[in-house]
Amino acid sequence: MSFVCHHLTRTPSLLSSICRAAHSTRIVARGVSSTRIASGEHQEARARPRVVFSGIQPTGTPHLGNLLGALLNWVKLQRDAAPDDQLIYSIVGWHALTLPQDPKALSASRRDMLAVLLAVGLDPKRSVIFHQDENLHHAELAWILNCITPMGKLRRMTTWKSRLAASRNARDDSEVDESLLNVGLFTYPVLQAADILAYRATHVPVGEDQQQHIELCRDLAEGFNRTFKGKKPLFPLPQHVITSSCRVLSLKDPSSKMSKSSPDLNSRILLTDGTSKVRSKIRGAVTDSTLGITYDPEARPGAANLLNILAACTGEDVEAVASRYADKGHGEFKADVADAVEELIKGPRAEFERLRGETAYLASIAEEGAAKARELSASTLREVRTRIGLV
Ligand code: ATP
Ligand code: MG
């Protein structure tokens with residue numbers, strides 16, 4: 001087979017640039033007891049294997065926020081995992097449907113996203129990599145969880161508003177209202193809880209925008225355990241794993257996060273952007289007219305966002321980066337940010353371009369991944385059905 005394990009042939013520079021950025025990010029697991037799991041310091045102390053689950057929507061080409069807030073953590077967790085840790089990464093097609101999608105574009109994005117996951121360094125021999133929509137257990141568990149989710153709890157989720165606002169290029173969430181809301185978008189946090197709980201995941205590395213969904217997931221897990229008792233509680237309460245760069249902001253509107261669904265392509269750096277695109281987008285990033293560079297997320301969100309990006313790319317502390325640019329002009333600063341971003345993405349970009357044409361290889365990876373995922377979630381769903389009486 002000519003397509004055996006592309007990652008083993010990946011260049012050391014690609015791996016080292018990813019590892020530098022991933023290593024630099026302070027990774028923290030948030031739960032009832034917050035646990036730092038950076039640089040493997042807790043691996044020996046762990047009582048039981050971790051089950052890591054995360055997902056990304058096939059809603060377009062991943063951007064710098066997806067990389068720094070999520071995908072590079074996935075790679076880091078894979079690199080630092082203990083041998084008995086389970087790593088499960090999913091392309092969540094059903095979530096993409098919560099906003100209107102062009103079927104042709106969705107189908108292409110779905111395939112491309114798999115190539116992206118491999119290109120950033122996920123290894124299908126170590127991690128389960130699959131399409132959510134090829135494992136029906138997610139939908140089955142989502143329905144069951146829907147039936148124990150109070151409407152009031154879902155109403156308190158604000159993400160549907162941000163997602164709608166981003167997709168309509170609205171200036172803020174107050175510009176969207178419930179008349180634009182479909183039921184799928186309203187209830188997608190429950191589907192997300194099902195994604196996680198189907199594998200009884202213990203750790204969920206996602207960006208800061210997803211924090212409220214992890215809290216809902218924990219509530220649902222706790223509610224299920226309390227209502228449907230067995231010898232042991234069925235679901236562990238998953239912890240949110242974040243990095244210090246868990247919220248990268250839009251380059252055009254630093255009051256909102258960088259998002260795949262925003263119609264403004266200049267608001268985000270795509271993994272596929274070439275050197276000159278990266279430069280022009282960073283040059284056009286909204287900052288301010290104050291002389292010199294300081295790190296002040298409240299008063300100078302645009303400059304702070306670029307400082308965060310630069311620090312995340314180079315693995316430095318953001319305050320240290322800021323002090324280096326205190327007397328420098330915006331032009332010089334932005335040029336350095338662009339160089340650092342280019343350095344970070346050029347390896348994965350080239351690997352993605354190479355892999356995306358290998359359709360037979362990608363199809364075989366998807367098929368194997370889905371089979372493994374179904375096998376893993378089958379026992380959870382069997383137990384769920386027994387506990388709720390659907391047997
Ligand atoms: P969409 O606009 O379609 O929702 P998205 O850019 O929000 O797309 P998702 O597929 O929803 O991307 O999220 C994939 C992962 O990337 C999640 O873990 C999410 O928390 C993280 N993420 C998304 N945007 C950012 C961002 N701007 N900064 C940091 N992390 C992000
Ligand atoms: Mg999103």
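For ligands, and for the atoms within them, numbers begin at 1 and follow the listed sequence.
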Expected output: side-chain Lys281 to main-chain Arg268 donor-acceptor under 3.5 Å: yes
Proximity to ligand 1 by part of His95, non-hydrogen separation under 4.0 Å: neither
Could you list the atoms of ligand 1 found under 4.0 angstrom from a heavy atom of Ala70? 15 (C), 16 (O), 18 (O)
Do the side chains of Arg300 and Asp288 get close enough for a salt bridge, i.e. N-O under 4.0 angstrom? yes
Listed once per pair and sorted, the ring pair (Phe, Tyr, Trp, His ring centres under 6.0 Å) pairs that draw on residues 291-328, sequence neighbours left out: Tyr325-Phe333
Assess whether a salt bridge exists between Lys372 and Glu367, defined as any Lys/Arg side-chain N lying under 4.0 Å from an Asp/Glu carboxylate O. no
Write out the residue and atom name of the closest protein heavy atom to atom 6 (O) of ligand 1, then the distance separating them to 0.1 Å. His63 NE2, 2.7 Å
Determine, using the 4.5 Å side-chain heavy-atom cutoff (strictly less than), whether Trp94 and Leu197 are members of one ILVMFWY cluster. no
I need the contact type for Ser259 against ligand 1. Using non-hydrogen atoms and a strict under-4.0 Å cut-off, is it side chain, backbone, both or neither? both
Short side-chain to backbone donor-acceptor contact, Thr202 and Val51, under 3.5 Å: yes
Measure the distance from atom 3 (O) of ligand 1 to every protein heavy atom, then report the residue, atom name and distance (to 0.1 Å) of the closest one. Ser261 OG, 2.5 Å
Taking both backbone and side-chain atoms of Pro205, is any N or O found less than 3.5 Å from an N or O belonging to ligand 1? no
Considering only non-hydrogen protein atoms, determine which one is nearest to atom 11 (O) of ligand 1 and report residue, atom name and distance to 0.1 Å. Gln57 NE2, 2.8 Å
Short version for Arg247: what comes under 4.0 Å of ligand 1, heavy atoms counted, is backbone
Relative to the heavy atoms of Val206, which atoms of ligand 1 are at a distance of less than 4.0 Å? 18 (O), 20 (O)
At what distance is the nearest protein heavy atom to atom 4 (O) of ligand 1, and which residue and atom is it? Arg163 NH1, 2.6 Å
Under 4.0 Å from a heavy atom of Gly69: which atoms of ligand 1 are those, numbered in the order shown and with their elements? 29 (C), 30 (N)
Relative to the heavy atoms of Met258, which atoms of ligand 1 are at a distance of less than 4.0 Å? 24 (N), 25 (C), 26 (C), 27 (N)
Within a distance under 4.0 Å of any heavy atom of Gln210, pick out the atoms of ligand 1 and give their elements. 20 (O)
Shortest non-hydrogen pair, Leu362 vs Arg356, comes out as CD1-O, 3.9 Å
Salt-bridge present (Glu351, Arg354; N to O < 4.0 Å): yes
Under the side chain to side chain donor-acceptor pair (under 3.5 Å) test, residues paired with Arg110 that sit two or more places apart: Asp133, Glu134
Please report which non-hydrogen protein atom sits nearest to atom 14 (C) of ligand 1, along with the residue it belongs to and the distance in Å to one decimal place. Ile56 CG1, 3.6 Å
Which word best sums up how the rings of Phe235 and Phe224 line up, parallel for under 30°, tilted for 30 to 60°, or perpendicular for over 60°? perpendicular
Using 30° and 60° as the class boundaries, would you call the ring planes of Tyr188 and His95 parallel, tilted or perpendicular? perpendicular
Look only at interatomic distance and state if Val248 has a nitrogen or oxygen under 3.5 Å from any nitrogen or oxygen of ligand 1. yes
Polar atom proximity, Gly207 to ligand 1 (N or O, under 3.5 Å): yes
Ser250 and Ser267: which non-hydrogen atoms are nearest, and at how many Å? OG-CB, 3.5 Å
Nearest-neighbour protein heavy atom for atom 7 (O) of ligand 1, which is reported as residue plus atom name and distance: Lys257 NZ, 2.6 Å
Should the pair Arg218-Glu222 be classified as a salt bridge under the 4.0 Å nitrogen-to-oxygen rule? no
What protein heavy atom sits nearest atom 19 (C) of ligand 1, and how far off is it? Asp209 OD1, 3.4 Å
Looking only at distance, does Ser54 have an N or O less than 3.5 Å from an N or O of ligand 1? no
Does Arg268 have a non-hydrogen atom less than 4.0 Å from ligand 1? no
Mind checking whether Asn66 has an N or O less than 3.5 Å away from an N or O of ligand 1? yes
Nearest protein heavy atom to atom 8 (O) of ligand 1, by residue and atom, and its distance? Lys260 NZ, 3.2 Å
